[in-house]
Protein chains: 2
Amino acid sequence: MPSSGTQTYHHGDLRSALLDAATSRIEHQGIDGLSLRKLADDVGVSRSALYHHFRDKNALLNAVAANGFANWIAMTSESGGDETVPAQVRMKQFVYGYVHWAVEHPQLYDLMFGRPIWKNDLADDELKDVAYPAFQYMLSLITHWQQKGLLLADKPALRQTQVIWATLHGLAKLVTDGVYADSAHIDEMCDCAVLMLLPKK
Amino acid sequence: MPSSGTQTYHHGDLRSALLDAATSRIEHQGIDGLSLRKLADDVGVSRSALYHHFRDKNALLNAVAANGFANWIAMTSESGGDETVPAQVRMKQFVYGYVHWAVEHPQLYDLMFGRPIWKNDLADDELKDVAYPAFQYMLSLITHWQQKGLLLADKPALRQTQVIWATLHGLAKLVTDGVYADSAHIDEMCDCAVLMLLPKK
DNA sequence: CATTGAATTTGACACTGTCAAGATAAAGAT
DNA sequence: ATCTTTATCTTGACAGTGTCAAATTCAATG
């Protein structure tokens with residue numbers, strides 16, 4: 001059992017070392033900036049050692065995204081789970097939490113919610129197992145708001161979930177992509193979004 | 001003056017031929033699926049002929065995006081310009097038009113409003129010259145809705161523009177990326193968005 | 001100690017964007 | 001008409017990429 005630090009032929013835990021290094025590189029250089037060969041250098045291993053732990057580059061990206069979802073769910077259920085504060089406050093906290101997390105992990109967010117994985121049907125089962133519950137959580141949360149009277153019940157919860165999620169997703173993407181919105185106004189934009197999405201006044 | 005059809009050494013209008021082929025390839029295979037060498041094959045020219053008309057691959061992408069904006073603006077001012085119908089109907093038309101255009105040109109939309117160009121500061125002047133007016137058009141349109149009483153005036157028009165745009169952008173991206181929304185429900189989602197964004201009821 | 005089997009490396013291939021140097025053709029000058 | 005210039009296109013080359021097959025190294029098991 002080679003303890004960490006010493007460099008043995010068998011790395012010991014190459015899979016998670018690659019995962020960590022890949023996550024770090026993605027967060028700094030972006031998805032397109034991830035080169036498997038440079039990644040191997042980071043970890044101090046040869047270029048094709050990776051293929052004994054991941055089927056190909058996409059499988060590695062899937063695993064990184066899956067880790068991201070686990071992280072995301074932890075953040076999200078934290079900001080939405082406090083039952084002592086009123087639902088409206090929790091909604092605002094959720095919106096803040098969602099957008100800020102995306103802005104703090106723009107590249108990871110891109111990977112998790114971007115086309116390359118979902119539209120091209122490149123998500124493997126492991127990723128789906130962690131991503132779908134995340135989607136369902138949003139639906140249950142917004143259904144809950146609806147039941148509490150925070151949202152009107154004149155439209156299906158699923159549609160309202162999609163619209164609210166779209167707004168959060170759009171805010172996050174406009175800011176992180178630098179399109180007609182900059183990070184100095186995140187909170188103002190979130191406030192405005194909450195005001196506009198809540199019914200009555 | 002080589003007429004089109006005959007294959008001469010000097011292509012005649014290689015620049016726009018490359019633009020067309022690139023646009024077509026991007027719309028079918030996506031941005032990452034665009035290879036300059038295959039593109040050259042499409043046009044029947046050698047691999048590096050392109051560099052006499054575009055500084056590099058990014059310049060080509062910029063030009064494709066600029067074309068996209070021109071197209072986008074044409075569509076958009078068409079669906080928003082009819083002064084004979086009431087503002088509320090025009091808003092709905094605008095929402096429909098925006099999302100449908102994005103869904104019909106997903107890859108182009110990605111290129112135009114995505115991070116690779118804007119966040120990485122890879123937009124050249126030609127692109128900015130056509131993109132910024134597009135952004136401003138959205139602002140003026142939504143300011144107009146506000147003045148017509150369609151939106152409340154309790155929040156700055158800029159913020160409301162960003163939120164509404166975020167919602168449209170988010171809807172478009174969720175659908176085109178295949179994340180928890182599919183194209184069969186576009187219109188329902190648009191309807192729901194309009195209902196939720198408009199004040200009162 | 002021998003053998004099995006997993007982990008890792010090296011060599012190779014096809015592909016990518018990009019540049020320098022050469023080849024070609026059109027336009028302008030005399 | 002011929003020469004010169006200039007824009008256009010091609011060929012050769014290089015560094016980089018993901019990925020596979022075959023060879024190597026090591027740990028564990030018999």
Side-chain angles (χ1 to χ4, degrees), chain A residues 1-23 25-26 28-65 107 111 116-117 120 122 124, chain B residues 1-23 25-26 28-65 107 111 116-117 120 122 124:
Chain A
M1 58 189 84
S3 73
S4 65
T6 65
Q7 195 76 337
T8 67
Y9 185 89
H10 284 62
H11 183 283
D13 200 0
L14 182 55
R15 193 192 142 92
S16 66
L18 285 170
L19 259 179
D20 291 349
T23 306
R25 242 183 203 281
I26 286 177
H28 289 93
Q29 270 101 35
I31 304 171
D32 291 336
L34 177 67
S35 150
L36 294 191
R37 304 170 98 105
K38 288 176 184 164
L39 185 66
D41 277 0
D42 288 351
V43 184
V45 92
S46 112
R47 58 191 178 279
S48 66
L50 176 144
Y51 289 88
H52 293 262
H53 301 272
F54 301 95
R55 198 159 48 79
D56 55 10
K57 186 178 188 176
N58 179 65
L60 172 66
L61 292 178
N62 268 266
V64 172
Q107 318 275 3
L111 177 62
I117 282 189
N120 300 21
L122 294 177
D124 57 29
Chain B
M1 57 188 87
S3 71
S4 65
T6 65
Q7 195 77 337
T8 67
Y9 186 88
H10 285 61
H11 183 283
D13 200 359
L14 183 54
R15 191 191 142 92
S16 65
L18 285 170
L19 260 179
D20 290 349
T23 305
R25 240 180 205 282
I26 286 177
H28 289 94
Q29 271 101 35
I31 306 170
D32 291 337
L34 177 67
S35 149
L36 294 191
R37 304 169 97 106
K38 288 176 184 166
L39 186 66
D41 277 0
D42 288 351
V43 184
V45 91
S46 113
R47 57 192 179 281
S48 64
L50 175 146
Y51 289 87
H52 294 260
H53 301 272
F54 302 95
R55 198 158 48 79
D56 54 10
K57 187 178 188 177
N58 180 65
L60 172 66
L61 291 179
N62 268 268
V64 173
Q107 318 276 4
L111 177 62
I117 283 189
N120 300 18
L122 294 177
D124 57 29

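Each chain gets a letter, A, B and so on, in the order the sequences are listed, and its residues count up from 1.
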Length of the OH-C1' vector between B:Y51 and C:dA20, whole Å: 13 Å

Integer-rounded Å distance: C:dT16 P and B:N58 CG: 19 Å

Proximal nucleotide (of D:dT11, D:dC9, D:dC20) relative to the B:S48 side chain: D:dT11

Those residues that, when tested against A:S48, pass side-chain hydrogen bond (donor to acceptor under 3.5 Å, both in side chains) (two or more places apart): none

Whole-Å distance separating the CG atom of A:L18 from the P atom of D:dG18: 13 Å

Sequence neighbours excluded, every pair satisfying salt bridge (Lys or Arg N to Asp or Glu O under 4.0 Å) that has a member inside residues 52-62 of chain A: none

Beyond-backbone contact of A:V64 with A:L34, side-chain heavy atoms, under 4.5 angstrom: no

For B:R25, salt bridge (charged side-chain N to carboxylate O under 4.0 Å, His left out) partners two or more places apart: B:D42

Length of the line joining A:K57:NZ and D:dC20:P, which is rounded to integer Å: 14 Å

Spacing of A:R47 atom CZ relative to D:dA22 atom P, expressed in whole Å: 16 Å

Set of residues satisfying side-chain hydrogen bond (donor to acceptor under 3.5 Å, both in side chains) with respect to B:D20, sequence neighbours excluded: none

Listed once per pair and sorted, the salt bridge (Lys or Arg N to Asp or Glu O under 4.0 Å) pairs that draw on residues 44-53 of chain B, sequence neighbours left out: none

Atom-to-atom span, CZ of A:R15 to C1' of C:dA6 - whole angstrom: 16 Å

Separation of atom CZ in B:F54 from atom C1' in C:dG17, rounded to whole Å: 15 Å

Length of the line joining B:R55:CZ and C:dG17:P, which is rounded to integer Å: 16 Å

Short side-chain N/O contact to D:dT10 OP1/OP2 from B:H52, under 4.0 Å: no

Contact residues, residues 33-42 of chain A to DNA chain D [heavy atom, < 4.0 Å]: A:L34, A:S35, A:L36, A:R37, A:K38

